[in-house]
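Just so it is clear, the structure is predicted and the values come from calculations on it, not from any experiment. In the text below, chain A, chain B and the rest are named by the order of the sequence lines, each starting its count at 1.
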Amino acid sequence: MTLHRLLLLSAVNFCLGMYGMVVRRNVICVLMAMELMFNAVIINFIAFAHYGNGHATEGSIFPIFIIAVTACEMAAALAIILTMYRKMHKLDVHRLDSLNG
Amino acid sequence: MLTFVTPDMLLPILALLVLSIDLFIESKNKTAILFDTAAAGVLLIIVLLFNLPHDQEFYYLTNYKVDGLRLLFKEIFAISLFFTILLGKGYARKNGNWRGILKYDSEFIALLIFCAFGMFCVVSAQELITLFIGLELATIPMYFLTAYYKKDQSSLEGAMKYIIMGSLTSALVLLGYSFWYGAVGCLRYEAILSFVQTNPDNPMFLAGAIFVFAAVCFKLAMVPFHMWAPDVYQAAPTPVTAFLSVASKSTAIAFVITLLYGPLAPIRHVFTYPLGILACITMTVGNLGAMRQYELRRFMAYSSIAQAGYIMLALVGNGKMAVPSIIYYLFIYLATNFCLFFIISVIGQKRPEEFASLRGLAKQSPALAGILVLCLFSLAGIPPLAGFTGKFMLFASAAEGGFYGLVIFAALNSTVSLYYYLLLIKEAYINKPEEDLESLEITFTQSFSIAILTLAVVILGLIPWFSSIITKIVG
Amino acid sequence: MIDTLFIILSLMIIFFATLVVTLPNILHCALALMASLFGSAGLYILLNAEMTALAQVAVYIGGVVIFIIFAIFLTTRMGEKTTPSSLPKIGWGLVLSSFAFAGFYGFYAKYLNSVSTTGYSTAEDGSMSAVGKILLNTGSEGLIIPFEIVSVLLLMTVIGAVVIARAETKALNCDSESQENI
Amino acid sequence: METFFTTNSWVILLMPFLVFLVNGLFLGKRSWRAAAYFAVACMSVAFFFAIKIAIGFFSHVHEHSYIKGWEIEWLRFASADILGFDLVANVGMLLDPISIMMLVVVTAISVLVNIYSIGYMKEDPSAGRFFSLLSLFSFSMLGLVSSTNIFQMFVFWELVGASSYLLIGFWYHKPSAVSASKKAFIVTRFADAFFLAGIIAVSYFTQTFDFIELNKLATVETLNRYAFLGFGTVNVLTVGTLLIFAGGWGKSAMFPLHIWLPDAMEGPTPVSSIIHSATMVVAGIYLTARLFPLFSHSPLTMDVVAYVGAFTALFAAVIAVTQNDIKRILAFSTLSQLGYMLFSLGVSKMVVEEGGAINSLGYSASMFHVFTHAAFKCMLFLIAGQVIHVVHSNNIWDMGGLRKKMPFTYVSCLIACLAIGGIWPFAGFWSKDEIILASLQGGHTVIFAIGLFVGGLTAFYMFRLFFVTFHGESRKELHHVHEDPFMTFPIVVLAIPSAVGGYFAKDLFHHAFVPNMPLHIHELSHPHWLPWVATSMGLSGIILAYFFFGRNKFTQASSIAKAMGPLHTVIENKFYFDEFYLFMTHKVAFRFVAAPIKWFDRKIVDGVMNLTGFLLHAGGAIVRFLQTGQVQMYLSVMILGLLYFCYRVF
């Protein structure tokens, strides 16, 4: 377990999230992919906190804030998704193209 | 000493006050009471902000800084909040807008105020956590507000797009912060500053900076991160669009400036030139996109993309005039844009907010049409309106670094922008409406705001003291 | 011992993360996400970030993912499969993300030595008491201001989410009309 | 020599602005007639002030080279205590020979055009708005000419553009008027983009906007160095002056930015008259003259000025020959005359050369020509307006035989045509003679030849217009032809300076109009043959025009020839020669020289503009096309952009 490997693990997670965001059609799936990206960032922070010679506690506090903020973003997104589902009965990202040009 | 942060503290209190008024007061015209209370409260905050000494620095608990530059930004946010609330008042009443009534007034106001509070935090932050939380607090309410027309599918669609792209941006900015943390080992500005001074070309730090600036570019709608803007601007209720185009943009600019003239100052030159080039591309794309639009909010989106380009161009000179000129222009941009949005709100009462709805405006209301021309000329930078003086300072600041080629390019771009602003004038004056028009209703709030903003558009460019005061505070 | 654990955990994280973005059944995706996050929580404990791991389990898994599952229940029928993406799109996503990964890989291979990695954090650094001391500190190290601001953020989210997600019932709309009818 | 009138020179600016406000807000809607009289009265006050200032100044001309009527600080861009240097834009009035001359000319022409408009606009429902906007236009131009600094000038410069947009598009129910006004506005603003960059460049290096400061030798030394200017390391003086001149290039409608001027005819005729004589198009010449001492230290800039002017003079004159629309002929003639003014500036020198020759004749000659041209060109447009009012057509071939019906107009037009044709002793002769002399002395033989040739060409096309319009038979049934007194009066008044203004003013211009620079000026010799040559060129142009268009016998002659058969043709030598001559000029010269140039102008120059518009529209379409509405596509673009930046940096 080295810093390098941890960062690569986080990079894999980040890229998987990126893949999911670009490819998945269901909005909820896109959001879950987003969660993976946030998770990757948290791994980054913790890795740097452990191996770096800086302020380790700050490095493990930031992820807590990230988790809180992610929860807020998810709440916002899911609220909109619920309303959208009620309105359109579809959660397909492809169909979200009435605004263009 | 607490007086320095009183305005900031009053903001959430005001939001709670508005919410509790909604809970406890039963009245026929509750909507008006809510909006008026909020407007009065924000006005109080604006007055407080203007009364604070702009030549002192003050730290609240080491990680919250207030000084002249930050106060100026907060004034911009507070003033745009004030006008957004006034603009929203028109949309909350019956027959206020073609798209429908804005419901849940108190929550609408509260969300806006929370959003402004987040912006205040972004400017004042002295470490990355507050910066991040502030940025999110300034963004997440916009997701909700964009989706505020729950019955309108396009509103929801825009909000969904915004939230998806916004989350990706959050992830990117967090990745950037994690790299910074990895390189510096601390989240505080002074630690970052001293790190940057000793290691100006640490690749880990630079990589982090790229991600962070990508997020800023997203919020500023700079190419290639601009694609959300037209869709979201079109989807959102008009007051929200106005707030997005002014306050949200100013937040991003404040973010850039507090970083570039704070912790990143030693390596500022690395970023200013790429940002300037990006600004040039942005203004071109914005201008091209605006040329063939028929929907007013979408048009304003492209127009504000182009304006963001002009604003960011000022950074390229990397000189002393950059910050004062940007702040000066932001004030002007605020006045002009809000004035236009108020005009749009008047037009949009019985018709969709489209180009075609402007037809016959010159016959129906010559004064409104005249003000429209003034605002558009100001945006296009025709002297002696405020937009010209502002643009002149932006370009002059870009020229400080000797980039006259970019200045010429930007000036040519503003010539192109004149073309599509004239299209709007053509609709208002020349094209005949297809059917007979119902007469326009202008409420007192609207006429009052339009009068004040028009005055600002005309006078801000003509009075000598305003720009010099800003230079004195910030320079 | 630690290395073995790390390998197991990271394989688990990557495996479930891959499932999250590929499984056709959306509920399975959510469960896989949960597993992947659990794996990361284990990793944090390995890295002496006890408090973060707790937050991960309590808030992330216990809150956010459960919330997602609720949303899935509300919007999809049991066993319903999501529409699969077209092949070109999958290809494009693969190209994009592999480019990004190559970028990360190349960057770390070349420049990771620019990060000084002398110290190792102790279990003390990530403990609940250390975190709490900093979070509620008003001194020069304190992070009480963001801690307070987060509460505003949460409050705002609650208000906003309620407004947006709330169903518009008839009764709410037609208050005045129904009274007039009577 | 401060007097009451110089210290209160702001009245000149206040008056038109007052008219603009009062007419625009109150009078215009109630009674256009009241608005018109108010405008005339106020402009007369302004004219009175201008005349008093002029008399005061020119009678003590050797005491001061300039007076600052008043000046206040307006915008402070930088102050010494913060940024280390001062950069302040003032607002004020600079009174020196050229600005006073322009003040007099602009106010005089405004008064006359306002009077004329009372007759011209009386049937227009929105005449009140017209008088309001016309005053705004005069205000902008007066502000432009009296600016103390280049920043103030730029502000008024743009205001001139904006008000011309409002005036050219005055009849906005006509689509052609709308597109013409848009074209004028955008093309001039295109040039202003460079002007703005030039101002920024020059003011950055000199840290001043003030004209007096900019024209000092010290400024030239400050600027004359190499620096990085965004497009490589270049000489600041050359690039700065060229950029500033670009603004004048567009405003004065020099080739190839002249495309807006002929189209600007779509506005009401009084507007064309004021645009072409005293405002807007003269601004570019005025700018060059204003910064002349600075410009003259950059040989490249001066050459550009000279050759652009000379080429436009020739080019526009050739096109004018082929036009049939009376206002278009006049428009191209304006272009040609502007070319004269510009190359006159370009050929004069302020720098001491080997022989110690300093030639500032071109400067005073140019200003002299601005003065005389304003009189006769304004008059010509007013005449055109009157004729169009009667005939209800712009085509000169619909006119004809108006000599008897409109005697005042006929005589005035004759005077104006003689003046523009450069026939002794009319006004145009004196100024044009000096311009040609200046180009000869400056050593620009090509430009000298062009000047002479275009002089003849000018006389030719002006008399073509004259003969076709006023002589011969009526080609159209005309009823109730009369000369409106309001419209005739300004024409007759302007006939006076057009006829004798040149003779009386020449000494004044020669002695008072020297560039504001402490150099001794040598008189250069004036070859005696030059006036004769110039006048004979003009006369031959007139004779040629008479030969083609004045006799009206050509059709008759050819029918006789047909009746008599080929034998007669051979015998009648003169006719044979006639035919040959006509063939050579009409068929060869017109078809192979003038027509292609006209085609080039219409297709290529306009085409480039249209192409630019098309490309911009195509760009807009591409941006719109890329904005597909697919959020995942947006995400991809974002990520790709980010990856690009990362790969660029690392």
Side-chain angles (χ1 to χ4, degrees), chain A residues 1 3-9 11-20 22-26 28-29 31-33 35-36 39 42-43 46-54 56-61 63-65 67-72 74-76 78-83 85-86 91-92, chain C residues 2-3 6 10 13-14 17-18 20-21 26 29-30 33 37 40 44 47-49 51-52 55-56 59-60 63-64 67-68 71-72 74-75 82-83 85 89-90 93 96-97 100-101 104 108 112 115-121 125-126 130-131 134-135 143 146 150 153-154 157 160-161 164-165:
Chain A
M1 186 168 67
L3 179 61
H4 186 70
R5 286 187 191 169
L6 274 168
L7 290 182
L8 280 185
L9 170 67
V12 170
N13 255 9
F14 200 83
C15 295
L16 278 173
M18 204 182 269
Y19 169 83
V22 175
V23 170
R24 294 309 294 259
R25 291 184 66 158
N26 190 301
I28 299 181
C29 287
L31 290 174
M32 285 195 282
E35 293 297 311
L36 286 182
N39 195 37
I42 297 176
I43 296 176
I46 300 293
F48 280 126
H50 184 66
Y51 287 101
N53 56 351
T57 318
E58 276 189 358
S60 53
I61 286 178
I64 299 175
F65 282 102
I67 291 168
V69 168
T70 315
C72 293
M74 284 313 278
L78 292 173
I80 293 169
I81 285 174
L82 285 182
T83 319
Y85 183 77
R86 250 184 250 133
L91 292 177
D92 192 340
Chain C
I2 285 185
D3 278 341
F6 169 71
S10 47
I13 293 170
I14 292 174
T18 319
V20 170
V21 293
I26 187 167
C29 291
L33 176 67
L37 294 179
S40 338
Y44 304 156
L47 292 167
N48 290 335
M51 181 61 197
T52 317
Q56 174 103 347
V59 182
Y60 225 156
V64 177
F67 198 9
I68 289 178
I72 293 170
L74 285 173
T75 56
T82 53
T83 355
S85 299
K89 198 163 189 187
I90 292 176
L96 203 63
S97 47
F101 183 73
F104 276 116
Y108 291 144
L112 195 60
V115 180
S116 54
T117 52
T118 47
Y120 291 90
S121 68
D125 286 331
V131 169
I134 287 194
L135 266 188
L143 288 173
V150 156
L153 178 66
L154 291 167
T157 311
I164 297 299

Considering all heavy atoms of both residues, which atom of T157(C) and which atom of A76(A) are nearest to each other, and what is their separation? CG2-N, 4.5 Å

Closest approach of L16(A) and A17(C), non-hydrogen atoms and distance? CD1-CB, 3.7 Å

In short, A49(C) meets I46(A) closest at the heavy-atom pair CB-CD1, 3.6 Å

Quickly, which of L78(A), N26(A), L91(A) forms a side chain to side chain contact (heavy atoms under 4.5 Å, CB included) with T75(C)? Name it, please. L91(A)

Would you check if the side chain of T83(A) reaches a backbone N or O of I164(C) as a donor-acceptor pair within less than 3.5 Å? yes

Considering residues at least two apart in sequence or located in another chain, which fulfil the salt bridge (charged side-chain N to carboxylate O under 4.0 Å, His left out) criterion with E58(A)? R188(B)

Please find the pair of heavy atoms, one from H50(A) and one from L47(C), that lie closest to each other, and give the distance. ND1-O, 3.4 Å

Using a 4.5 angstrom heavy-atom cutoff, name the option from Y60(C), F67(C), F104(C) with the most pairs to chain A. Y60(C)

Is a side-chain donor or acceptor of S85(C) paired with a backbone partner of V23(A) at a separation under 3.5 angstrom? yes

If you count heavy-atom pairs under 4.5 Å between each of L82(A), V22(A), I61(A) and chain C, which one has the most? I61(A)

Main chain of L9(A), side chain of S10(C): is a donor-acceptor contact present, judged purely on distance under 3.5 Å? no

Residues which pass ring pair (Phe, Tyr, Trp, His ring centres under 6.0 Å) with Y85(A), listed by chain and number, not counting sequence neighbours: H89(A)

Under 4.5 Å to a heavy atom of chain A? For L112(C) that would be side chain

Tell me whether R86(A) contacts the main-chain N or O of A165(C) through its side chain, where contact means a donor paired with an acceptor under 3.5 Å. yes

Pick from I26(C), L135(C), V20(C), D3(C) with the largest number of heavy-atom pairs that fall under 4.5 Å of chain A: I26(C)

Counting heavy-atom pairs under 4.5 Å with chain C, the top scorer among I64(A), L3(A), I28(A), D92(A) is I28(A)

So which of A79(A), A47(A), P63(A), C29(A) has the largest heavy-atom pair count under 4.5 angstrom toward chain C? A79(A)

Counting distance only, does the side-chain N/O of T52(C) pair as donor-acceptor with the main-chain N or O of S60(A) below 3.5 Å? yes

Contact summary for V59(C) and A71(A), nearest pair of heavy atoms: CG1-CB, 4.5 Å

Quick one: which of L96(C), I2(C), I90(C) has the most heavy-atom pairs under 4.5 Å with chain A, could you say? I90(C)

Take I68(C) and L31(A) through the side-chain contact (heavy atoms from CB on, under 4.5 Å) test and state the conclusion after the steps. CA-CA 9 Å; I68(C) 289 178; L31(A) 290 174; 5.6 Å; no

Is S97(C) in contact with chain A via its backbone, its side chain, both, or neither, using a 4.5 Å heavy-atom distance? both

Could you have a look at N13(A), I42(A), I43(A), L7(A) and say which one has the most heavy-atom pairs with chain C under 4.5 angstrom? L7(A)

Leading residue by heavy atom contact count with chain C [cutoff under 4.5 Å; candidates A75(A), A33(A), G17(A)]: A75(A)

Over all heavy atoms of both residues, which pair between M32(A) and A30(C) is shortest? Give the atoms and the distance, please. SD-CA, 3.5 Å

If we only count heavy atoms from C-beta on, is the M51(C) to T57(A) side-chain gap below 4.5 Å? no

Between R24(A), R5(A), M18(A), the one whose heavy-atom pairs under 4.5 Å with chain C are most numerous: R24(A)

Can you tell which part of F65(A) gets under 4.5 Å to a heavy atom of chain C, answering side chain, backbone, both or neither? side chain

